[in-house]
2 protein chains.
Amino acid sequence: MDLLVSKVNKRTTINVTSRDIDKILSATLSSSNLWEIIDFSHRPFKLVVETLKELQERGLVVFKNSSIFPTKEGRKFCKRYNVTPKANHGCPACWGRTISLAKFEDFLPRFEQITGNRPEPIMEFDQGFVGPLIAFARIALLADRGDIQGKEVIILGDDDLVSLAAALSGLPKRITVLEVDERLVDFIKNTSEKENLRIEVIPHDLRFKLPLDLVGSFDTFLTDPPETIGGLELFIARGLVTLKGAGCAGYFGLTMIESSLQKWGEFQKILTHKYGVIITDIIHDFNIYDNWMYLLDSIKDDIGPLKEAPKMHWYKSSMFRIETLQDFLRVNEDVLSVELYNDPESLIWTEER
Amino acid sequence: MDLLVSKVNKRTTINVTSRDIDKILSATLSSSNLWEIIDFSHRPFKLVVETLKELQERGLVVFKNSSIFPTKEGRKFCKRYNVTPKANHGCPACWGRTISLAKFEDFLPRFEQITGNRPEPIMEFDQGFVGPLIAFARIALLADRGDIQGKEVIILGDDDLVSLAAALSGLPKRITVLEVDERLVDFIKNTSEKENLRIEVIPHDLRFKLPLDLVGSFDTFLTDPPETIGGLELFIARGLVTLKGAGCAGYFGLTMIESSLQKWGEFQKILTHKYGVIITDIIHDFNIYDNWMYLLDSIKDDIGPLKEAPKMHWYKSSMFRIETLQDFLRVNEDVLSVELYNDPESLIWTEER
């Protein structure tokens, strides 16, 4: 096992431990599909792929067209190191999301109807969105925590069209959207007008400081940040600066697919130490994203199983809820030099971007 | 509202914000029972009680025997500040715990049978335990994350008898319990022998450093720490020192009843900054504790609703899962000066202890 760890460590810039190998092997005992193995591993995409390549070279797994199987040697290795198949004890009713959609089900058909012709995700803004069920699961979660009823809510980047779900629920007092993609600005604006949803949509690139009238004006923010450290910090800082004061809440997703444990650690230090917020909830695999068209184009790798597009939902993120303490940090300055999308852990890593 | 905040701030050492008042008022719109109001508020016991007293003095709520009701003035105040009744969208299948017990249900009757004559909780060690369903919910959660199958698991303080649930599940390779209460040491030891569960039970006061053969020996730890900052840090540090290395996991509960947001913040800084671990999960209200006999004796307060013992489960905690990074801190020294149980936020605050 130690040899394997050091070999994989040479293949990637992401630090690998024997527990990572354990998790990836465990996933191969439960699925032969690459995308499902990544999902089950809860480890960075690039780490999983490099580990699988190493396991293949050492004869522990074999690639057959688009599938991956442990060899007889691989199974023996698993037995020796007590690696067992990935178990699933997730709640089948809420899919492990903790909340029930029962009181929001009636809004779903209307949401699906008015968002049917939504703009497709594009690579330029690292887009990829969650489906209607997740959009309303977010609303239910906010409602359960008292963060939306009669509250002023801001959404920083609304690829997921959560603003429309929130408006349909009738719960918030005010909904504001900041969005950089003009297609989405137009779509949300037009839909809001047509359906009389009173959503305020402001075209804004979050690298630029926020308009002053938004500062200190909201009870709750939602965002789905890009996952470089710079991107994470920037989006959360922008969210925080919109909040009214202590005891306000922010919600956002963070994956283990594009963020290593190290990055989780660095980011949590920033949250708790620099920004003066506490993390009240981290709900595992809460957000499940629809597959997006540009996925295979953006991954430059040549192993067989990577040439087959995923047929199931595999890209998930944990839902964070944070709450502001009395002395939380509010900064509102332009941050133009930040790299939002590309780091050694990001899924899409092209020189053109 | 601002006046109310400053008045309550004078009554308690815990910092109060308008959002805290919002949450407590919101709870009074949904329940007239003090214990349920504390549960719904997710704010420290003492803060809720002092706020209710202030609300009563200002004529916004009224105490009637063991019940609390908003007055007409109180309802007007709520309307003015957009305070709405506490909503509940928790999943009715898993009670918001994210996991299913389906694969563990068969073990429940046996667990209940062998733990029927368990020792009662005593004040000396701040005891209070979770019921069988929660004990197995913890096992299911560990299993879902691959932290128990074929793994070496240590439990630091086992008032909850999770060691017996873990052993019945047949999943761990090894189960060790450290316990200070001789009654529990004997009970778990005897039950383990009678039922052939092979649990290793070591009498140990966690203020003293751990026996060297336990250091670096386990994959996973569980504990339910006392909630002074000193107690929290000590129990987690003891857990961490037992772990084998990076990528290992720890599980523990933290309440909002005896820990303010400020304490959550201080503790999260300690975890992420000092100990080099990341928080991977925080599951709201995962742990629900049975009511314990010494509760009313330990609370020295004289308002009417506090004289009636709770009839429902009201004391809950969030379940944390942490994971160790490469450079996590392991210290193993005696810590004798620490105050484990009493601070201004603790439920039980007597001079005798």
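In what follows, chains are A, B, ... by sequence order, proteins preceding strands, each numbered from 1.
When heavy atoms are compared at a cutoff of 4.5 Å, A:Asp22 approaches chain B solely by way of its side chain, counted from C-beta outward. Proximity to chain B (any heavy atom under 4.5 Å) is shown, for A:Val5, by neither the backbone nor the side chain. For chain A, the nearby part of B:Glu323 is the side chain; its heavy atoms alone come within less than 4.5 Å. Of the two parts of A:Thr84, only the side chain, counted from C-beta on, holds a non-hydrogen atom closer than 4.5 Å to a non-hydrogen atom of chain B. Looking at B:Asn88, the atoms closer than 4.5 Å to chain A (heavy atoms on both sides) sit in the backbone and in the side chain alike. With a threshold of 4.5 angstrom between heavy atoms, B:Thr280 approaches chain A through its backbone and through its side chain. Using a 4.5 Å cut-off between heavy atoms, B:Phe104 contacts chain A through its side chain alone, with no backbone atom that close. Proximity to chain B (any heavy atom under 4.5 Å) is restricted, for A:Arg321, to the side chain, taken from C-beta onward.
Looking only at side-chain heavy atoms (C-beta outward), B:Ile278 and A:Lys263 stay at 4.5 Å or farther from each other. Residues A:Arg19 and B:Lys244 have side chains not in contact (no heavy-atom distance under 4.5 Å, counting atoms from C-beta outward).
For A:His273, the ring-ring contact (aromatic ring centres under 6.0 Å, His included) test picks out B:His273, with sequence neighbours left out.
Heavy-atom proximity under 4.5 angstrom to chain B picks out A:Cys248, A:Met256 from residues 248-256 of chain A.
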